[in-house]
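For reference, the structure is listed below as structure tokens.
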Amino acid sequence: MTTPPAKPPAIAAAYDAWSAQYDHDRNPTRDLDAQVLPRVLGELRPRATLETGCGTGKNTAFLASISQSVLAVDFSSGMLAKAAQRGLPPQVRFAQCDLLQRWPADNSSIDLVSCSLVLEHLKDLSPYFEEAARVLAPGGHLWVCELHPYRQYAGSQARFAGASGDTVKVDAFTHHLSDFTAAAGRAGLHLRRLDEWCHPDESAALPRLISFLFQR
Ligand SMILES: C[S@@+](CC[C@H](N)C(=O)[O-])C[C@H]1O[C@@H](n2cnc3c(N)ncnc32)[C@H](O)[C@@H]1O
């Protein structure tokens, strides 16, 4: 008799469990995202930035360096606790928030919404893009960087080694490239830039990341 596979933990609980080692694991996807974010957003000077799914705050210091204020949100208390330990500058605030609920920002109050490696965990992209469009000021930007769909088609998804050495896969959903552009378009956001990124050590492989810069 075969034992059915264990039900994957809920996503927030999985990230709580991953938080202690997230910054230390070998993770070329995480590292490549950290490299490409400043290359695309480095010229922007937002007053108010909302970082959605900030995790352990890997990108928060960079966002603070270009922004007058950063509100960094995530639904994993474990990831937020790690981010708070980074000693980030005073213009950074953290808040716990499920991105599938209403975000803690007023209408048209944000100049930059940033999102790195989060949307694979949302089954339906529409609520995310609708909230981004609601909080963005006219002319404001939305950065989205995700594991490239090609990688998802080949079976990649967020995963880490659990306490007993087993591989824990975090619930993830495949989104085609057009799913992102269609959800953004329905929300009234315009695509300004699309890039595909290969890790320098993997130049012959499939692109690892895809990023979009949308504008309201
Ligand atoms: C792979 S980590 C990326 C963290 C960070 N952006 C980075 O690039 O290192 C994904 C993050 O998204 C968060 N997340 C996933 N789904 C979420 C949701 N519905 N609401 C809030 N946060 C969510 C997780 O808790 C986790 O911290």
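Both counts, for ligands and for their atoms, begin at 1 and track the order of listing. Bear in mind the structure is a predicted one, so any value in this text is a computation, not a measurement.
Atoms of ligand 1 lying under 4.0 Å from any heavy atom of Ser76, numbered from 1 in the order shown and given with element: 25 (O). Numbered from 1 in the order shown, with element, the atoms of ligand 1 that lie under 4.0 Å from a heavy atom of Tyr15 read 1 (C), 2 (S), 10 (C), 24 (C), 25 (O), 26 (C). Annotation for ligand 1: atoms under 4.0 Å from non-hydrogen atoms of Ser116 are 3 (C), 5 (C), 6 (N), 8 (O). Residue-ligand proximity, Lys58 to ligand 1, at heavy-atom distances under 4.0 Å covers atoms 7 (C), 8 (O), 9 (O). Residue contact check: Gly55 has heavy atoms under 4.0 Å from atoms 4 (C), 27 (O) of ligand 1.
Looking only at atom types and distance, the side chain of Glu146 has no donor-acceptor partner in the side chain of His175 under 3.5 Å away.
With Cys97, Ser77, Gly53, Cys54 as candidates, the residue nearest to atom 21 (C) of ligand 1 on a non-hydrogen basis is Cys97. For atom 25 (O) of ligand 1, the nearest non-hydrogen atom from the set Thr60, Val170, Asp74 comes from Asp74.
Polar contact with ligand 1: absent for Leu122 (N/O pair, distance under 3.5 Å). Between Glu51 and ligand 1, no N or O atom pair is found at a separation short of 3.5 Å. Between Val118 and ligand 1, not a single N/O pair is under 3.5 Å apart. When only interatomic distances are considered, the shortest N/O to N/O separation between Thr56 and ligand 1 does not fall below 3.5 Å.
The existence of a salt bridge linking Lys58 and Asp33 is confirmed by a sub-4.0 Å separation between a basic side-chain nitrogen and an acidic carboxylate oxygen.
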